[in-house]
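Input: a single structure, listed below in structure tokens.
FYI, side chains are in, hydrogens and waters are out, and symmetry mates aren't considered; it's all heavy atoms of this structure. Indexing begins at 1, ligand by ligand and atom by atom, following the structure's order.
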Amino acid sequence: MCFEVKERDLCGRIGVLKTRRGNIETPYVMPVVNPIRNIIEPSELKSEFGFNMIITNSYIIWKHYKDNIKDVHEITKFDGPIMTDSGAYQLLVYGDIEVSNKEIIEYQEKIGSDIGVILDVPTGAHASREEAEYTVMETIRRAKESISYRKEKDILWAGPIQGGTYLDLLEYCAKEIGKMDFHIHPLGSPTQILEEYNYSKIVDMIVTAKRVLPPERAFHLFGAGHPMMLSLAVALGCDLFDSAAYALYAKDGRYMTQNGTMRIEELKELPCCCPVCNKYSAKELMEMEKENREKLIAKHNLYKVKEEIKLIKEAIREGTLWELLEARCRSHPRLYEAFKRLSLYVDYIEENDPVVNKKVRGLFFYDETSIMRPEILRYKKRIIERYTKPKDKLILVPMPKEKPFNKSKIFKKLKKIVGDEYHICFYGDPFGIVPSELSETFPLSQFESALDNMKTWKSFAIEFIKSKEYKEVIIIGEELEGAKSLSSINDLEKYFRCKNENIS
Ligand SMILES: [Zn+2]
């Protein structure tokens with residue numbers, strides 16, 4: 001087993017990828033290194049930033065050195081694990097490359113890659129359906145044939161998933177390649193889609209592939225490494241990332257932050273405390289030679305990537321990845337749109353989100369997106385499927401401010417009026433319905449909510465009443481289908497007095 005999951009939150013995980021040159025803790029962003037020339041030397045990536053694994057391109061090495069074969073670790077002067085890409089990206093950009101799948105697989109073995117990638121055929125973002133079908137069938141065929149080309153035992157092999165935005169094709173590709181002997185599955189083709197800020201599409205693509213791939217394999221989102229979107233990708237189950245953005249952005253003076261990208265020439269203040277931003281002012285960066293500036297911005301960008309990964313890992317350990325997502329996804333409307341898209345996949349998230357061994361901590365609810373939290377879905381499912389009502393008659397009252405609800409004044413008053421004849425439940429967002437006897441169960445009294453008047457509880461209340469077949473339902477302070485409505489507790493008191501007088 002080359003990948004071991006240690007901790008989980010939502011579909012995100014902290015794992016250990018075991019390579020022949022050492023273990024890498026995931027989620028992990030591999031800096032993309034050019035085999036020939038770099039603004040930051042690979043050895044610096046390790047010594048200064050602690051990046052213990054990098055990715056480079058075997059096709060560029062092949063073009064440059066051909067049969068004068070050298071070890072990739074020697075070329076890059078990097079002694080940690082190295083993943084090599086195959087030239088598929090060049091295939092996407094230039095349409096054709098001069099090497100075959102068999103040649104590049106054998107070449108990656110010869111140069112000592114620790115993780116190799118087959119020469120898949122990228123679908124890209126704008127392929128016609130016909131073209132997309134071809135890329136999928138050809139990628140599957142090449143994945144299959146690649147297995148017989150392998151000679152060395154201890155290299156990890158990546159089988160990319162193609163299909164692009166055609167989700168049915170993507171699913172088919174993931175199913176077929178998932179059956180084959182691969183260790184890592186990269187999601188192909190997201191680069192262009194990411195450049196267009198189409199994060200919703202990326203969400204669809206990740207979930208489509210992840211749902212059918214073996215969960216014990218590491219999942220790699222190709223070409224993604226901007227700190228602002230890492231938490232979303234991790235929360236959906238991505239373990240590995242690679243990024244050339246730190247260097248490409250620096251070239252254009254683009255300064256990364258967790259909330260987006262800024263232009264260095266427009267900054268008065270460097271809003272960061274990394275070693276670069278502590279040492280230099282924005283003005284000093286602008287006044288220095290271009291090459292120096294580029295290197296320093298690239299370094300800052302790498303610090304930001306690293307910082308975000310640390311934050312994400314800690315959030316997974318703490319069980320607060322959802323809160324991190326809520327904050328990050330507000331940094332760009334397209335990211336927020338992608339976050340809302342999770343409403344289509346709450347079942348997938350709920351299934352993967354751990355139920356046990358999770359720290360018990362309060363949940364925060366801000367707005368309608370918070371209602372998508374897996375804890376809410378899980379609670380509602382269980383209350384419908386597993387809960388047995390204690391009595392046949394029901395009184396619904398609004399959730400009081402005091403927690404736990406069954407210790408509130410309103411509950412005590414109600415108890416006095418209705419005695420043991422009625423089952424008392426609380427209604428409101430985010431839980432929909434809370435039976436009074438469950439009020440102290442997690443998370444029904446361990447939450448803070450700023451939700452106001454969303455009324456998403458109504459449809460759930462109707463479902464609850466129907467599924468439990470109550471004989472009589474009284475609701476206070478609201479109208480509800482199939483329930484007698486009373487406006488206040490005083491009205492309830494009068495109603496009961498009359499009822500009792502009539503009986504006597
Ligand atoms: Zn900085």
Quick check on the 6.0 Å ring-centre criterion: do F241 and Y28 meet it? no
Distance-only criterion, 3.5 Å: show the donor-acceptor pairs between side-chain atoms of residues 262-275 and protein atoms not counting sequence neighbours.
residue	atom	partner	partner atom	Å
R263	NE	E265	OE2	3.1
R263	NH2	D252	O	2.6

Which of the protein's N, O or S atoms come within less than 2.8 Å of the Zn ion (ligand 1), not counting waters? C272 SG, C274 SG, C277 SG, H300 ND1
Can K102 be said to sit on top of Y149's aromatic six-ring, NZ or CZ under 6.0 Å from centre and within 45° of the ring axis? yes
Looking at F447, is K403 sitting on its ring face, NZ or CZ under 6.0 Å from the six-membered ring centre and within 45 degrees of the normal? yes
Regarding R150 and the six-membered ring of F182, is the cationic atom NZ or CZ under 6.0 Å from the ring centre and inside 45° of its axis? yes
Looking at W62, is K66 sitting on its ring face, NZ or CZ under 6.0 Å from the six-membered ring centre and within 45 degrees of the normal? yes
